[in-house]
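First the proteins, then the strands, lettered A, B, ... as listed; each starts at 1.
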Number of protein chains: 2
Amino acid sequence: MSHDHEKIVKATLKNMPDMDTIFDLADFFKVFSDSTRIRIMCALFEQELSVCCIAESLNMEQSTISHQLRILRRENLVKVRKDGKQSYYSLADDHIKLIFEMGLEHITE
Amino acid sequence: MSHDHEKIVKATLKNMPDMDTIFDLADFFKVFSDSTRIRIMCALFEQELSVCCIAESLNMEQSTISHQLRILRRENLVKVRKDGKQSYYSLADDHIKLIFEMGLEHITE
DNA sequence: TGAACATATGAACACTTATTCATATTACAT
DNA sequence: ATGTAATATGAATAAGTGTTCATATGTTCA
C-alpha cells in the first residue's frame, strides 16, 4: 500500500453517523426509490386525495395503492383523514417537495 | 363515490412529471437507499479515498465496495481518479451532503 | 519476465420487494 | 338486516438487489 491506511481510516470514521442513523436514512430514501410511491406523492402535491382517486389518477389497482400508502404511512410521509367510507391521504412533511427538487436538480444536470 | 372523480383526476395529473422523469428520480433515490452506499458517501465527505481504504474503513470486502462504487459511478454520484494501481474516489455532486441532511431532518423530527 | 498488489467483474445465492388476487373489514344506505 | 362501496391486508409470485467467491485485468517493482 502506498498510503497510510490507519490514519485515513481514523479520519474517515470520525464523522461517520452511527449504524442506527445509517439504516434509518436508508429506509427513508428507500421510500423515494419506487416510481409508484413517487407518483403518489406527486399526486398529493395538489391536494388531499382518496385512495380510489389516487388509483384512478395513476391508472393502477386500488390494492397496489393501498399497499404503497401503508409504506408511506409507516415512514411518516403521508397522513390519513377518514371520512365515512373514504380515507383521504395528504403529505405529512413539508420537505418532500424540496427533496424531489434536489433529485430533479441532479438528474437534469 | 361521494366526490367528482374526473375533475380531481385531471387536476392531479396536471403537474405530474412524465414517466421518464419519475423513473430517473426513482433510480436516483435508489442509490441512497442502501446502507453500504450511504456509508461510502459519508466516508467520501472527508476526503477522496482508494477502494481498499473504503473497504478497510467500513470493514467490508473489497469486492462489495467495488460493486457499490460502480452503482455510484453509474448515477454520477462519485468520480474516479486513477493513480498507479489505485483508484481514488470522490464525490461528484455538491448536493449530496444537503440531501443527507434533509433525510436526517426528517428522521429526527 | 514474473510476482505481488489494487481494482473490477461475472456468476451464484439468499433476501427483499412490488404487484396481483382473493378476501376481510368498515361505513353507509335502503 | 342486507347489500353495496371504499379501503385494508394476507398469501403467492415474479422481478430485483446486495454480498460473496472466484477470477480477470491492469500496474508496479524486482
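Atom CD1 of A/Ile38 and atom P of C/dA18 are 12 Å apart (whole Å). Note: CG (A/Leu49) to C1' (D/dT7) measures 15 Å, nearest angstrom. B/Tyr89 has its OH atom 8 Å from the C1' atom of C/dA8, to the nearest Å. Atom CZ of A/Arg73 is separated from atom P of D/dT9 by 6 Å (rounded to the nearest Å).
With sequence neighbours left out, B/Arg70 forms a side-chain hydrogen bond (donor to acceptor under 3.5 Å, both in side chains) with no residue at all.
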Worksheet, complete the sentence: Reading nucleotides 19-30 of chain C from 5' to 3' and marking B where a protein heavy atom lies under 4.0 Å of the base, S where only the sugar-phosphate is that close, and - otherwise, the string is SBBB----BS--
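We find that A/Glu48 and A/Arg81 are joined by a salt bridge, their nearest charged nitrogen and carboxylate oxygen being less than 4.0 Å apart.
Listed pair B/Arg37 / D/dG18 meets the phosphate criterion, a side-chain N or O lying under 4.0 Å from OP1 or OP2. OP1 and OP2 of C/dA6 both lie 4.0 Å or more from every side-chain N or O belonging to B/Ser87.
B/Ile54 comes within 4.0 angstrom of nothing in the nucleic acid, heavy atoms only.
Side chain to side chain, B/Thr21 and B/Asp18 meet the donor-acceptor criterion of an N or O pair below 3.5 Å.
Comparing C/dG10, D/dT7, C/dA18 by their closest approach to the side chain of A/Ile71 singles out C/dA18.
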